[in-house]
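What follows is one structure encoded as structure tokens, with my remarks underneath.
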Amino acid sequence: MNAVEIEEAITALADQPYDAAEFPFAFLLAFGNKDTTIKRLRAGSSNKSDLGGVLQANNIHIKTCAEGQANATLAALRDSPATARAKAKFILATDGTEFQAEDLTSGEAIICAYADFPNHFGFFLPLAGITTVRAIRESAFDIRATSRLNRLYVELLKDNPDWGTAARRHDMNQFMARLIFCFFAEDTGIFSGDATFTRTIDTMSARDSSNTHEVIGALFHAMNTRPEDRTAEGIPRWADPFPYVNGELFSGTTEAPRFSKIARSYLLTIGGLDWTQVNPDIFGSMIQAVADEDERGALGMHYTSVPNILKVLNPLFLDDLRAALEEARDNGRKLLNLRNRMARIRVFDPACGSGNFLVIAYKELRAIEAQINARRGEADRRSEITLTNFRGIELKDFPATIARLALIIAEYQCDVLHRGQREATRDFLPLDSKNWITCGNALRLDWLSICPPTGTGVKLRGDDLFSTPLDQAEVDFENEGGETYICGNPPYLGSKWQSLEQKGDLKNIFDGRCKNWKSLDYVAGWFMKAADFGSHTPAAAAFVSTNSICQGQQVPILWPTIFGTGHHILFAHTSFKWANLASHNAGVTVVIVGITSGPSPIRSLFLLSDDGETIRRETANINAYLVAAPNVEVQGKSRPMSGQAVMQFGNHPYYGAPLIFSVEEGRRIVAGFPQAADFIRPLYGSQEFINAAPRACLWIADENAEAAAAIPPIAERLKATAASRRAAIRDKAAQKLAETPYRFRDQTTAEGHVLVVPRVSSENRPFLPIGLLNAAAIIQDQAFALYDAPLWNMALIASRLHLVWIATVCGKLETRYRYSNTLGWNTFPVPPLTEKQKSDLVACAVSILLAREAHFPATIADLYDPETMPDNLRAAHDRNDETLERIYIGRRFRNDTERLEKLFEMYTKMTSKKVGDARA
DNA sequence: CATCCGACAATTT
DNA sequence: AAATTGTCGGATG
């Protein structure tokens, strides 16, 4: 169960009549325990309670009690020896009126009315195993509110299908945003004491809900009408206490959808929540799920945590402002200059979602400004930082609407925090009517018109007029001498997952500027647009991105193009795993890259140390691989550049899954038809090689096709292969291969021996897996093969030097090594080798093989486990490295940094010489 | 023809 | 549930 489902379940539980006997079980059920677990607890077999309650080991001790006994019961639970013995994390006591609980690990306690306990569900989330993401526990309110709003949204659309159509979706979204604003306003004092939004709806609308929409409509109408115009507009007297809000939020239609009885009661419940607790950055990111079928249930999928947002914003500009604040000390003049500078900083998020980057940036700037004002003795001064300087583009209407609202709420909260409730309320209404969040396709819109450069009057112009309502972003606003910072977390989509439209977006940006742009990730578009923006006006940009744009094939496509615009990498954060609110937190490994065309003599590279700490390193340059080294982009080559043997891609089955089977299956076939033995060979991909567990495959030469097909179990598999190839109707290559179902697409084998290199393998091993197999072995496409290659090639691949190269210039699968013949092997710089050097290396390779042999039948995975790697094997690798590195520089390298430096240097020399040759 | 990628995916601990 | 570690398909060059 995810957090939303749990919230729904315990809300339902609290709504039911209290049943003392059932409560503990219902409670545990709501937190996602399986029926069988509950059954066992009921039966008593797993119930460890010594007080007649319910005690689930390692989790919680619950006891219901007589009226008024909750406090005493909680004390008894705390003192119970069974609680300690079963290592309970929580204790809980309730009499159906009062509810008490304690987190025994932290000592945190809850005492509340029984009906209110769902408000504290975040407290108990560890019961459901949701502990890793702190933000969830700390934003229990946001989850509750989101989940309720979602139910209201769905209910309203059910009764008002026309509001769900494309034409009215915006009205619907704006309606929801207005509701949220009103809930927030009535709880935080933005509305005066008489303007109680929820209670007014409750009392003025009929219980049968028939006129709810009219009451809400009247309230919205009032909020869109100046006090002096209200009589003329016929605003009812009971709507009069509500202030004029405007701010575009209430302009346009004030019509409301019709409410069913259920929808009305949802509305009143949501209004009853304590909206002072809303956290705009978290709420905003979660609420996207409210209006999006795809994201519903996968709540918070694109949630960017505050620490991650700060990883972008701090090095981009906040650190610099804080340093300036530090430097200004109490110097009034300097403080004033800094405040003036900050008032003209623009933050632009061209993939803003519901605006959490903008909200955090705004809050941080306000915090710095508050310090300036405090030092200048102007603590309650009105802020110079205007919301119009926080701009965004968002594709979807609902998040775009919410982003504006989130900023408005953030502004109010900052005013309360830094200037006090009274000042905040006095200056808040009416809202500014300008729209500074544009709904549209960021890759098609002209960023210069959304953030016009200083001194010029660029008008908004969308490249695609149909997806860009022209009136949306007409904020004429020039920012003389101001700084612009672009930031965000745009969507990532690998080249073959993109829709035609998305491909078109990239074509629009990259076509004619670089070749092979079709292989770029969708996120590359944002970097390129940011670079183009920065070429027109001073700016710096930093995005969270999938790490693949800084790896392998994308590097030589994207980065020379970006560097060509005069940009460089200002700071970067190397790969770290993405974390979101989903309970199993799979997904993606990301980097953060900041670029600018301005001066930046010192550049910051952030890395995660082994114990998870972020380390900052200052360097003169950061290259496209996010390495502190000169710019190099390694271009794949189809032939080795330095005299290595040819490395081939393994044999691709190409829809030939039926050609592959287990070794046991192979034995069964041979047992029935001994003549089949001639056509069955051991098969090795990555896994099979690393774990010394080959599979079997059919391996049939053209001239044996008929003989093989005469064997029934083989014939069956050939038929299946032909069928699966024919089924790939759009793949021409597959259609052709259907005519030769007895063979893999490729059919290459060795004469004597073959060297195998897995395509993907764990990054935890100290050396790359490489091995020697006899000629019978078939290498499948999951591994590379060097057929009959001299063993000194193996010495190269087994070296630390080669691992460093592969780890840097090849792609990765998340952080796994992904070997590539074109990118990594063919480009690997090797000095010319003498026969003596070759035979020395062969000896090294042989001694590695012999060292492994001594541990037979240990697999590569066993032998190269960093914890348990045998000493003799380590020694053999050490000799290999010693021998090879002496060939390179006449001594051992000091460390991997030096190894990489040398390899990059050799590569640069190697490739620039090629260019020279071409000219000559 | 050859190959590089996956807001991953399957398996183990 | 978290940690570990590499399949498989197929568009792209």
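Below, read A as the first sequence line, B as the second, and so on, with proteins coming before strands; counting in each chain starts at 1.
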Sugar-phosphate only, base, or nothing, as touched by [X] at under 4.0 Å among non-hydrogen atoms:
| X | answer |
| --- | --- |
| A:S548 | sugar-phosphate |
| A:N764 | sugar-phosphate |
| A:K518 | sugar-phosphate |
| A:K736 | nothing |
| A:P769 | nothing |

[X] side chain near [N] phosphate (N/O to OP1/OP2, under 4.0 Å):
| X | N | result |
| --- | --- | --- |
| A:K503 | C:dT12 | yes |
| A:N691 | C:dT5 | no |
| A:S820 | B:dC4 | yes |

Of A:Q687 and A:T546, the one whose closest DNA chain B nucleotide lies more 5':
A:T546

Ignoring hydrogens and geometry beyond distance, is the side chain of A:R818 in donor-acceptor contact with the base of B:dG6 at under 3.5 Å?
yes

Is any side-chain N or O of A:Q553 under 3.5 Å from a base N or O of B:dC5, one able to act as donor and the other as acceptor?
no

Which base, if any, makes a Watson-Crick or G-U wobble pair with C:dA1, both distances under 3.5 Å?
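The answer is B:dT13, by the H-bond criterion.
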
Please determine, for C:dT7, whether a Watson-Crick or G-U wobble partner exists with both distances under 3.5 Å, and give it or none.
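Because no pair has both required distances under 3.5 Å, C:dT7 counts as unpaired.
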
Considering only heavy atoms from C-beta outward, does the side chain of A:Y742 approach that of A:T721 to under 4.5 Å?
no

